[in-house]
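Step one of this worksheet: look at the structure below.
Chain identifiers are assigned alphabetically (A, B, ...) following the order of the sequence lines, protein sequences preceding nucleic acid strands; residue numbering begins at 1 within each chain.
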Number of protein chains: 2
Amino acid sequence: MVRPERRTVRDLRRGNRAVLLRALYFAGPTSRHELTALTGLSAATVSNVTGDLLADNIIVEAGLVDSDGGRPRVLLRVNPTYGFAIGVDVGETHVRVELFDLDMNELAKSEFALRPGAHEVDVVVRHVLSGIDAVVADSGVAPSKVLGVGVGVPGIVERGPEAMIHAQTFGWDSVPLGTLLRAGTPFPLHIDNGAKTMGQAEMWFGAGRGSQHAVIALIGSGVGASIIADGMTYRGANSSAGEWGHTKIAIGGRDCRCGGRGCLEAYIGAEAVLERAGIDVDTSTEQAAFAELVTSGSPVVDETVEYLGAGLANLINLFNPERIVVGGWAGLLLGQHLLTTIKQKAAENCLTQPYSTASIVLGRLGPDAVALGAATLVVDEFLLSTTSSSVSREPAVS
Amino acid sequence: MVRPERRTVRDLRRGNRAVLLRALYFAGPTSRHELTALTGLSAATVSNVTGDLLADNIIVEAGLVDSDGGRPRVLLRVNPTYGFAIGVDVGETHVRVELFDLDMNELAKSEFALRPGAHEVDVVVRHVLSGIDAVVADSGVAPSKVLGVGVGVPGIVERGPEAMIHAQTFGWDSVPLGTLLRAGTPFPLHIDNGAKTMGQAEMWFGAGRGSQHAVIALIGSGVGASIIADGMTYRGANSSAGEWGHTKIAIGGRDCRCGGRGCLEAYIGAEAVLERAGIDVDTSTEQAAFAELVTSGSPVVDETVEYLGAGLANLINLFNPERIVVGGWAGLLLGQHLLTTIKQKAAENCLTQPYSTASIVLGRLGPDAVALGAATLVVDEFLLSTTSSSVSREPAVS
DNA sequence: AATACATAGTCTATATCTTGAAAAAAGTCA
DNA sequence: TGACTTTTTTCAAGATATAGACTATGTATT
């Protein structure tokens, strides 16, 4: 029940530094004057802290803005090349590694295909590690300027230095990915579920911007969700929160690939939808076939939308978000053609009050934002604690 | 995205004071020495802050404890009569008002029966206000020592000074209960959904103690839930989070009294269960009839348990709690006789990993803890900001 | 009874911190 | 050039937590 926060007067400085830096990061070029309003700090403190940050080269000046007959404001911004973040997307069909500057410009990219169904741990680890080496080399970024590596993986990721992974679809049961990767790279690691990293990408740069309570629903072959509570990804006791795909929507209903019955994923996951429509595909043709099906007017699609609406309604009833972002490749396809119907079905299955305060929108970043989101984990940590002089924090793996 | 926390050096003190007071409240009699470990503060600061609190009479000494050959420790505790909290339970059949000291001893109680189905706003408001007057008079507590009034009501409670209520079962649509009550009492008000107040009671004094991530599932005539995330009640964007009863568990299933179809409440709410079993009752005989049904071995009960298990599994999959507390009068009856089966059904409908880290237990406080929980809202605020000298906080209504 | 020892709690000196007010900086306008 | 405006920095004041010295209050031993 005790939540220790700031204690000493020095933590105060660190906290205010973090608040200021975060404000600057998300507000873009801003003058010191505006920062006082944004952060609630006094002008004197803003001057102090920005002075420090400028001296450390973490922020830089970014031009002037005239003001009607007064000293012009100096705009400040985060120095985009102060450090760099690497994001890794470990997906069903590929391992993708990207390197970003702090403005999230992609500077280098490296991709490896995975054979369908072949996700041996050592193969994936090798791909990730060589991908990291490749993007660092390609971009010409000094290794000392790499702030860390974020990794988005399927399944449940236990927090802790080991970053134990449980991913049924990969056949991974208790794989200590953190330990394995750390043996091959010196960079700080942040490992998280791919749905959660993608959710954070939509929150920072996509359709979730500006909301404090949101759910990012991800519908691809499988189904997942990322829950944002009070502006932060909600993880629950063991980081497995948000397993929306395997909530039951029909007791004793269709078999799900998780082994259970009546899971939402068995009704709205692309693989299950195609199966229900009697369309036989493999991973390479799945997306095209699904796209065709969505526009075909098939009753299976109607049913899918019904279940999707109910599933979204459940999220709204339980989490009371201000925004629901529908993403994932299948979710985007469904949403592009049928968003109105989806909303209508959600409304029918939801309590009036929470529905009326929630907006349902489509994701803006496309289905490939997992690596970007993984990189934001690194940036998030950077914004929280730029003082490299600070002492031991909890282990870097999240 | 900016979360301003401590700013000035004075807030630091306030924060540390709150941390210390909270530790003391939940740990019971504790020495200064132990408090340094509990709070992470230095001995000097603990000495300082406890000095302040003692001078303010907010905490008091509570005896000595010998230590093997050294100065004995002086135990400290929160002064139970420093202030008093009033809790109000606005239920379907009654309005109950109770007054507690800070140890949550009930010092006075006042109850009014409501005719079934008759929940006129002005009647309820009158009962609450006269109840408050009654318990203050009966207990002999000086009005100046009443820290506030917590009110647990059905339905959705919008945050803000008006405390707008939307309660279908009461026929209340947009009732500004906060405004109405504040006109009749000088005490600070805290209004919240009854399921949430009861959940907080279980967290503080019942089966939820010690957990940071929990869900309190409340099953009575209707069905609700209180979600605890990171030790705090999760409210979502508009305080309506946790509407578990109206999540869909069967698309196109049974009609629910909310107007929807296939709601969980239509399968496991006591009213619905009795209806499904073909038992016709009114509010006065409902509980006895339900108790009898539970032990009858009826297939309706089996089905109820199946749905309950699935409903709990959905909560575990979505929230990943470390504990699920089953409460509410019907939930307690079901749990007392069928907890093993309920757990089994939950396991069948849940992903392995999150299920294995969640324990399902029965509530310990009985079905009448709404008023107690409402009073904890007052105490919670007290523990957060005892410095009456502090400047304006957000409005006292929550 | 005296002394040594152990543990709890307080006091003091110090290094920080934020802040409001005053001062400085850097413009515009007439 | 001087008056005025707006932004930013400087400075003194007030407040805080901490480390470490110091005091208080016991038990154990001689």
Side-chain angles (χ1 to χ4, degrees), chain A residues 4-21 23-24 29-55 59-77 387 389-391, chain B residues 4-21 23-24 29-55 59-77 387 389-391:
Chain A
E5 299 182 8
R6 315 249 152 280
R7 268 180 285 277
T8 159
V9 84
R10 211 123 181 207
D11 298 318
L12 233 182
R13 172 73 124 191
R14 252 199 292 281
N16 284 340
R17 188 174 156 121
V19 164
L20 204 149
L21 192 58
L24 210 45
T30 313
S31 73
R32 293 175 179 79
H33 196 67
E34 290 169 297
L35 283 172
T36 64
L38 248 62
T39 61
L41 298 168
S42 70
T45 301
V46 169
S47 186
N48 262 334
V49 176
T50 53
D52 278 9
L53 291 170
L54 279 166
I59 65 176
V60 291
E61 299 194 344
L64 300 179
V65 168
D66 295 2
S67 62
D68 338 334
R71 176 174 176 172
R73 299 176 240 193
V74 178
L75 296 181
L76 302 172
R77 56 169 305 184
T387 43
S389 61
S390 93
V391 272
Chain B
E5 299 183 7
R6 315 249 154 280
R7 267 180 285 277
T8 160
V9 81
R10 215 126 181 201
D11 298 317
L12 233 182
R13 173 72 118 188
R14 251 200 293 280
N16 285 340
R17 187 174 157 119
V19 164
L20 204 149
L21 192 57
L24 211 44
T30 313
S31 73
R32 292 175 178 79
H33 195 69
E34 290 170 297
L35 282 171
T36 63
L38 248 61
T39 60
L41 298 169
S42 70
T45 301
V46 169
S47 187
N48 263 336
V49 176
T50 52
D52 279 8
L53 291 168
L54 279 167
I59 65 176
V60 292
E61 299 194 344
L64 301 179
V65 168
D66 295 3
S67 64
D68 341 332
R71 175 173 174 174
R73 299 176 240 192
V74 177
L75 296 181
L76 302 172
R77 57 169 304 184
T387 44
S389 61
S390 93
V391 273

So which nucleotide from [options] ends up closest to the side chain of [X]?
{"X": "Ser47(B)", "options": "dT8(D), dG9(C), dT10(C)", "value": "dT10(C)"}
{"X": "Arg13(A)", "options": "dT8(D), dC17(C), dA8(C)", "value": "dC17(C)"}
{"X": "His33(A)", "options": "dT19(C), dT7(D), dA17(D)", "value": "dT7(D)"}

Is any side-chain N or O of [X] closer than 4.0 Å to OP1 or OP2 of [N]?
{"X": "Thr8(A)", "N": "dA17(D)", "result": "no"}
{"X": "Thr45(B)", "N": "dT18(D)", "result": "yes"}
{"X": "Arg73(B)", "N": "dA8(C)", "result": "yes"}

| said: Please compare Val9(A) and Ala44(A) by the position of their nearest nucleotide in DNA chain C and report the one closer to 5'. | reply: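 The residue whose closest nucleotide sits nearer the 5' end is Val9(A).
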[Y] and [X], any side-chain heavy atoms less than 4.5 Å apart:
{"X": "Arg13(B)", "Y": "Val49(B)", "value": "yes"}
{"X": "Leu35(B)", "Y": "Leu41(B)", "value": "no"}
{"X": "Glu61(B)", "Y": "Leu76(B)", "value": "yes"}
{"X": "Asn16(A)", "Y": "Thr39(A)", "value": "no"}

| query | If you pin Arg10(B) and Gly70(A) to their nearest nucleotides in DNA chain D, which one's is more 5'? | reply |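 So the residue in question is Gly70(A).
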Atom-pair distance ([atom1] on [X]; [atom2] on [N]), nearest Å:
{"X": "Asn16(A)", "N": "dT18(C)", "atom1": "CG", "atom2": "P", "answer": "5 Å"}
{"X": "Glu61(A)", "N": "dT7(D)", "atom1": "CD", "atom2": "P", "answer": "16 Å"}
{"X": "Asp11(A)", "N": "dT18(C)", "atom1": "CG", "atom2": "P", "answer": "11 Å"}
{"X": "Leu64(B)", "N": "dA8(C)", "atom1": "CG", "atom2": "P", "answer": "13 Å"}
{"X": "Glu34(B)", "N": "dT7(C)", "atom1": "CD", "atom2": "P", "answer": "15 Å"}
{"X": "Leu12(A)", "N": "dA15(D)", "atom1": "CG", "atom2": "C1'", "answer": "11 Å"}
{"X": "Leu76(A)", "N": "dT7(D)", "atom1": "CG", "atom2": "C1'", "answer": "12 Å"}
{"X": "Leu75(A)", "N": "dT7(D)", "atom1": "CG", "atom2": "C1'", "answer": "12 Å"}

| Shortest non-hydrogen separation from Leu75(A) to Glu34(A) and the atoms involved |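 Here Leu75(A) and Glu34(A) meet closest at CD2-OE1, 4.4 Å.
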| request: Scan Val46(B) against the nucleic acid and name what it touches under 4.0 Å (heavy atoms): base, sugar-phosphate only, or nothing. | output: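 If one applies the 4.0 Å heavy-atom cut-off, Val46(B) turns out to touch nothing in the nucleic acid.
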| query | Is there a donor on the side chain of Arg71(B) or the base of dA8(C) sitting less than 3.5 Å from an acceptor on the other? | reply |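 In this structure, the two groups form a donor-acceptor pair.
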